[in-house]
Amino acid sequence: MEKRFIYADNAATTPLSETALNAMLPWLKEGYGNPSSVYRIARESRIALENARKTVAECLGAKPTEIYFTSGGTEGDNWAIKGALARSRRKGVIISNVEHHAVLHSALAMEKFGFKVTELPVRENGIVSPDDLRAMIDEDTAIVSVMLANNEIGTIQPIAELAAIAHEHGALMHTDAVQAAGHIPIDVKELGVDILTISAHKFHGPKGVGVQYIRSGVRITNLIDGGGHERGRRSGTENVASACGLAAALKEAVDTLPERMPRLTAMRNRLIDGLLKIPYVQLTGDLDKRLPATVSVVINAVEGEGLILTLDELGVCASSGSACTSGSLDPSHVLLAIGLKHEVAHGSLRLTLPDDIDEDGVDYIIWAVATAAERLRAMSPVWDSSAGRPM
Ligand SMILES: *Cc1c(COP(=O)(O)O)cnc(C)c1O
């Protein structure tokens, strides 16, 4: 096989698109005015920022006044959880047990202030059950936070149903849509959420900028106070270039979705089929309710870190567990939540396909994973090479 380079870790981050870069450049060069100042170059920055806000609102089915620029997904998740609890007389927060650390650790950090965190379990397919939420929620629940799409196994959650249950009990509904934005259609009205978080660098925008949708009339405490930017709710001199890059990237992603989604879904399914032909490989997460470009499997008798390094030698960038947890020996909480045993979870592999992947690219990845698994199993004390199965 002739060596190739394939970046298949787009859930960790994506390359900046040409469109996003070009939308940013003027505001990094001559357009340096502070949007709060009153002279002409400042007014131009202000107009660019408000146009970006309008574009984002259109992409999400929201009003421009419901859009707040932030520093990214981590800030948005912190703001939703901490801001909602600080504002409420209620003491409870319900999160799924497969949330990103930005939600999980924000919720746990509030326990020391007397708030109570309850975890909504996922089923074996990685999806929560609305019935479980109904059984768990009560009149002390201030906010429910469940991610729209999972960053490790790609599963998509029934947010609209969960939001309806939250609202029946007077609780707010937040969704971390960081992995979903630009990859599946999002309409905040259809989802019925009060707060939604996205981050530009997961859809070919720049790093360090995100958007918080907060539905009109929903009040949460500020996370960042200061000069009163973003209509008094998120202070700090506006990052005009990044906001413009985010808006351009989101619009490009949303506009190309009808073409990209079916094509990537076909590539993803080809990859899943190929990987499942390798002996003792198992898919993690639901087969259908998953992101178009996300494949996640566990490979028996293979250890994740060795797998990622071997794939890197073969020219494929992939991840095991999640970028934040690799380097630690604990398997990811997501893989344990779907019922995998520790030793099996260690052999996890996540491949998130680039937009320009074709059948040859997919076949190359399958070859690289099969080759890496064979090499690592040959050295593994828990693999019986002569029988071709685990000990
Ligand atoms: C990447 C990611 C985040 C964090 O976003 P940043 O902009 O990198 O801080 C939060 N949630 C999910 C699901 C993510 O994938």
Side-chain angles (χ1 to χ4, degrees), residues 7-16 20 56 68-83 95-109 120 122 126-128 145-157 159 162 174-184 186 191 193 195-213 223-224 234 236 239 242-243 245-247 249-250 253 284-285 289-296 317-326 332-335 337-338 348 350-353:
Y7 180 75
D9 201 16
N10 288 275
T13 195
T14 56
L16 188 68
V56 171
Y68 302 87
F69 288 107
T70 66
S71 67
T74 300
E75 182 186 328
D77 287 341
N78 271 266
W79 187 10
I81 304 286
K82 294 176 179 175
I95 62 174
S96 86
N97 65 351
V98 295
E99 291 303 305
H100 189 274
H101 283 147
V103 165
L104 175 62
H105 292 166
S106 291
L108 293 178
L120 181 61
V122 295
I127 298 176
V128 303
S145 179
V146 176
M147 67 206 315
L148 181 46
N150 184 266
N151 49 299
E152 290 186 42
I153 56 176
T155 43
I156 297 171
Q157 304 289 348
I159 298 303
L162 302 175
H174 168 246
T175 191
D176 172 339
V178 174
Q179 286 293 334
H183 301 279
I184 55 173
I186 292 183
L191 291 174
V193 294
I195 313 169
L196 175 139
T197 301
I198 67 173
S199 173
H201 76 99
K202 303 288 174 73
F203 52 82
H204 302 284
K207 293 171 180 62
V209 63
V211 153
Q212 193 86 327
Y213 158 80
L223 189 65
I224 298 179
R234 199 285 186 180
N239 190 343
S242 292
L246 180 152
L250 184 61
T284 54
K289 294 193 187 76
R290 69 163 55 226
L291 291 168
T294 299
V295 172
S296 59
C317 300
S319 112
S320 179
S322 75
C324 326
T325 45
S326 64
S332 98
H333 66 287
V334 175
L335 299 173
I338 58 173
S348 75
R350 177 189 71 188
L351 293 154
T352 37
L353 297 172

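Counting starts at 1 for both ligands and their atoms, in listed order.
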[X] neighbourhood, listing ligand 1 atoms whose heavy-atom distance to it stays under 4.0 Å:
X    : result
D77  : 10 (C), 11 (N)
G72  : 7 (O)
S199 : 6 (P), 7 (O)
V178 : 1 (C), 2 (C), 3 (C), 10 (C), 11 (N), 12 (C), 14 (C), 15 (O)

If you measure from atom 3 (C) of ligand 1 to every heavy atom of E152, H100, K207, which option wins on shortest distance?
-> H100
Can an N or O of [X] be found at a distance shorter than 3.5 Å from an N or O of ligand 1?
X    : result
Q179 : yes
K202 : yes
M147 : no

Looking at residues at least two apart in the chain, or sitting in another chain, which of them share a salt bridge (Lys or Arg N to Asp or Glu O under 4.0 Å) with R234?
-> E75
For Q212, enumerate each residue passing the side chain to side chain donor-acceptor pair (under 3.5 Å) test, keeping only those at least two apart in sequence or located in another chain.
-> T197
Shortest protein heavy-atom distance from atom 5 (O) of ligand 1, along with the residue and atom involved = G73 CA, 3.3 Å
In sequence, state the C-alpha distance, the side-chain angles, and the governing distance for N150 and E99, and then conclude on side-chain contact (heavy atoms from CB on, under 4.5 Å).
-> CA-CA 7 Å; N150 184 266; E99 291 303 305; over 6 Å; no
Verify, without hydrogens or angle tests, whether T175 (side chain) and A177 (backbone) share a donor-acceptor contact under 3.5 angstrom.
-> no
State if H201 counts as touching ligand 1 under the rule of any non-hydrogen atom under 4.0 Å.
-> yes
Working for side-chain contact (heavy atoms from CB on, under 4.5 Å), residues L291 and Q179 | CA-CA 8 Å; L291 291 168; Q179 286 293 334; 4.0 Å; yes
